[in-house]
Structures are given as C-alpha cells and as structure tokens.
Amino acid sequence: MTQTLAHVPETDPGTVGLSRSRRILRAVAVLACVPYLSLKVAWIAGSRLGIPDGSVLLEHRTTMAVANVVTVLMDGAVIVLALVLTRPWGLRAPAWLLAFPAWAATGLLAPIMAGFPLQLLVDALGGTRVGAGGDGESFLDAWVFGVVYTGFIVQGLALGALFALYARDRWGGLWAGRVWELPVGVIGPAQQAVAVAAAVLALLPLSVHLLWACGGTVGLDASQAADRTSGFYTMEALSVVFLAMAVTGGLLLAFRHGRALPVRVPLALAWVGSAATACWAGWLSVAPLTDVADGPAPLMNLAYAGQMIVGILVASLGVHFLAERSASRTRRTA
C-alpha cells in the first residue's frame with residue numbers, strides 16, 4: 001500500500017504467466033463495465049433511455065452530463081486496473097499507485113455488492129422497490145438499477161479476485177502466519193492510540209446509522225424522512241456493519257487480540273471496513289454538488305465526516321502494519 005512495500009522480495013515479472021483463470025476474470029471485469037458505460041455515454045449524448053417522464057434527472061441536464069462524464073472515467077479506471085493486475089509489467093507498478101485505487105474501488109463497490117441483493121430480498125418481502133421515493137415516484141426505470149448494479153457486483157467479484165491473486169503473488173508474505181506470531185515492534189503505542197481514537201470516533205456515526213436503520217428520524221429533514229425506502233434502511237444497517245468491521249480490524253491489529261486468527265483476517269476486516277466506511281461516506285457527501293438531491297442534513301454530514309475520519313485512521317493502521325512487517329522481513333533477509 002505504500003512505497004515501502006517495494007522492499008519486499010517480489011516475484012520476477014518475467015516469470016509470471018497469465019493463467020486461463022486470470023484471463024477469464026479480466027474479460028469478465030471488462031465486459032461487466034459495458035452496460036454501465038453504454039448507458040452513461042447514451043445519457044451524455046442526450047438519450048433518455050431508462051429515464052421516465054418527470055424524473056428529477058431531467059431538470060439538471062448540464063450538471064448530470066458532468067457527473068456522467070466523471071462516472072464514465074471512474075468505471076473506465078476499472079478496465080485499466082484489470083489490465084494492471086493481469087500483466088507482468090503490472091508487478092512493477094508502485095505499491096501506492098495500485099493499492100489506493102483498489103482500496104477506493106473496494107469502498108465504492110462493497111456496499112453495492114452487499115446492499116443490492118439484500119434490498120432485493122427486502123423488496124420481495126414487501127419493501128419499497130428500488131428507485132422509488134417515499135411517494136413512489138421513480139427517477140430511473142427499475143430495469144436500470146438491475147442492469148447497473150448487477151454489473152457492479154460482477155465487476156467487484158472479478159476485480160476482487162484479480163487483486164487477491166496479484167497481492168498474493170507480490171506481497172503474500174506480509175500476511176502469512178497468525179496474530180500471535182507478529183513481532184512486538186510491528187505495532188506500538190502510537191498505533192494503539194490510533195485504533196482507540198478510531199473506535200471512539202466511530203460511536204457517533206455508528207449510533208446515528210443504527211438509529212436510522214431502526215426507523216428513527218432524528219437528524220433527518222422532512223423530505224428525507226418522507227423519502228425513506230427499504231433501500232435506505234438496508235444501507236443504514238450496512239453502514240453499521242462496515243463501521244464495526246473497520247473498528248474491529250483496527251483493534252485486532254493494534255492490540256494483537258484474536259491471537260489464533262490468521263493475520264489476513266484482521267487485515268481483511270480493516271481493508272474492507274475502512275474502504276467502505278470512508279469511500280462510501282465520501283461519495284454520499286458529494287450529493288449536494290449534483291443539485292439533484294437536497295443533500296445531507298447537518299447530522300448526516302457529521303456522521304459522514306466521522307465515517308471518513310474513522311476509515312482513514314484504520315487504513316493508516318493497515319499501511320503502518322504492512323510497512324513495518326515489510327521492513328522487519330527485509331532486515332531478517334539482509
């Protein structure tokens with residue numbers, strides 16, 4: 001995740017072959033981008049495909065065109081990342097240049113990968129359908145959500161598998177073994193203080209999201225309270241889960257709890273939890289810039305800010321852990 005990872009003995013790029021499974025995963029990741037990119041390009045060109053009459057999206061054409069261009073670039077980055085993860089020259093890429101986009105992609109895709117199937121289940125049991133507000137008015141046709149979110153889920157699965165294989169080849173030794181085998185010097189008092197700070201700061205956003213997931217309206221304005229759907233409750237509950245994952249992963253790393261656990265377990269909790277907590281909150285915080293949504297209420301903004309801080313703190317713990325373990329392995333092999 002940082003340039004210090006470059007000190008780890010890495011696989012010779014010339015010896016890495018592109019297996020059939022990786023070629024398939026790369027093709028799946030690229031093809032999964034096509035529906036979303038096609039829709040976005042069509043909307044930029046002026047098409048109303050999938051946008052019903054009266055949709056709020058039709059009221060902000062210029063802003064939405066800019067937003068569509070940005071999201072096209074973001075999804076296009078998935079294709080670039082899939083290529084980097086499957087080519088021998090990709091092993092020479094600076095660690096930070098690859099790890100940060102992968103972390104951000106995790107944070108943006110994980111809530112969708114978990115939330116969309118759960119929302120469909122809740123809807124099937126009588127919840128409010130995807131794309132409808134509290135008054136039942138759709139801003140996109142229902143099929144658009146099915147096509148786009150299914151594509152995101154497939155992208156996430158394929159890209160996640162490719163990154164796991166890549167990381168195993170390049171840095172697999174950094175998470176080998178169990179927590180009890182970690183050198184004492186890998187995590188010190190400063191990192192423990194960071195983990196505790198993250199846990200304390202997580203209390204406010206965790207409490208707020210739990211309250212909203214249970215039906216509370218404190219901190220929501222009248223329109224936000226009226227527009228709640230099953231999707232709102234699902235995502236609020238998932239916000240609690242991802243916050244808990246981030247805090248748990250950070251505490252396990254900092255205090256070496258769960259000593260019998262494989263090291264990759266707290267690292268995975270910290271990676272997914274911090275990414276989903278920070279990046280998803282950051283994405284939702286830019287809603288006012290689109291002029292499509294009313295934007296977060298003050299308490300919601302505070303919760304999002306807290307999530308981003310918690311996610312960044314836990315991610316910094318992961319970076320420090322990997323850098324320190326990389327350095328300790330280098331010293332032992334020197």
Side-chain angles (χ1 to χ4, degrees), residues 18-44 47 49-51 67-87 90 98-124 127 129-131 139-169 230-231 234-235 237-239 241-242 245 268-269 271-280 282-284:
L18 184 58
S19 65
R20 182 170 181 268
S21 61
R22 296 194 196 203
R23 288 197 299 269
I24 292 174
L25 287 170
R26 182 178 64 188
V28 169
V30 172
L31 290 174
C33 297
V34 172
Y36 183 78
L37 291 175
S38 299
L39 270 174
K40 289 291 184 172
V41 170
W43 291 342
I44 292 170
S47 172
L49 179 66
I51 304 176
N68 286 331
V69 170
V70 172
T71 51
V72 163
L73 295 175
M74 291 173 63
D75 208 45
V78 171
I79 298 175
V80 175
L81 191 55
L83 291 174
V84 174
L85 293 174
T86 53
R87 303 306 305 166
L98 179 64
F100 178 75
W103 180 77
T106 300
L108 294 174
L109 291 174
I112 295 173
M113 294 171 66
F116 187 60
L118 282 176
Q119 187 176 343
L120 290 179
L121 177 61
V122 173
D123 292 347
R129 65 185 177 84
V130 179
F139 67 95
L140 282 173
D141 292 337
W143 66 264
V144 174
F145 291 91
V147 169
V148 169
Y149 288 163
T150 299
F152 284 158
I153 292 172
V154 175
Q155 287 177 40
L157 292 173
L159 206 60
L162 286 174
F163 184 72
L165 292 170
Y166 177 98
R168 182 198 63 187
D169 291 342
S230 56
T234 299
M235 297 310 297
L238 281 177
S239 294
V241 172
F242 286 126
M245 288 174 61
L269 288 172
W271 175 280
V272 177
S274 67
T277 294
C279 298
W280 192 250
W283 177 253
L284 294 177

Which atom pairs, one a donor and one an acceptor, fall under 3.5 Å between side chains of residues 105-116 and the rest of the protein, sequence neighbours left out?
from, atom 1, to, atom 2, distance (Å)
T106, OG1, A102, O, 2.8
T106, OG1, W271, NE1, 3.1

Do you know which two heavy atoms are closest between M245 and G273, and how far apart they sit?
-> CB-CA, 4.0 Å

If you take all heavy atoms of R22 and Y166, which pair is closest and at what distance?
-> NH1-N, 4.4 Å

Quick one: closest heavy-atom pair of L49 and S47, and the distance?
-> N-OG, 3.1 Å

Nearest heavy atoms of L37 and G76, plus distance in Å | CD2-N, 4.3 Å

Check the pair M235 / W280 against side chain to side chain contact (heavy atoms under 4.5 Å, CB included), numbers first and verdict last.
-> CA-CA 10 Å; M235 297 310 297; W280 192 250; 3.9 Å; yes

Within a strict 4.5 Å, meaning less than it, do heavy atoms of the L25 and L165 side chains meet?
-> yes

Which one of L83, T86, V28 satisfies the side chain to side chain contact (heavy atoms under 4.5 Å, CB included) criterion with L162?
-> T86

Under 3.5 Å, which donor-acceptor pairs link side chains of residues 152-159 to any protein atom two or more places apart or in another chain?
from, atom 1, to, atom 2, distance (Å)
Q155, NE2, A32, O, 3.4
Q155, NE2, D75, OD1, 3.3

Take M74 and W283, measure what side chain to side chain contact (heavy atoms under 4.5 Å, CB included) needs, and give me the verdict at the end.
-> CA-CA 12 Å; M74 291 173 63; W283 177 253; 3.9 Å; yes

For the residue pair P35 and L31, what are the closest heavy atoms and their distance?
-> CD-O, 3.5 Å

Audit row: L81, F163, side chain to side chain contact (heavy atoms under 4.5 Å, CB included) steps and yes/no | CA-CA 9 Å; L81 191 55; F163 184 72; over 6 Å; no

Do L85 and L98 come close enough that some side-chain heavy atom pair is under 4.5 Å?
-> yes

State, with a plain yes or no, whether a side-chain heavy atom of I51 is found less than 4.5 Å away from one of L140.
-> yes

Contact summary for W143 and G50, nearest pair of heavy atoms = CZ2-CA, 3.6 Å

Is it the case that W103 and S274 place a side-chain donor and acceptor less than 3.5 Å from each other?
-> yes

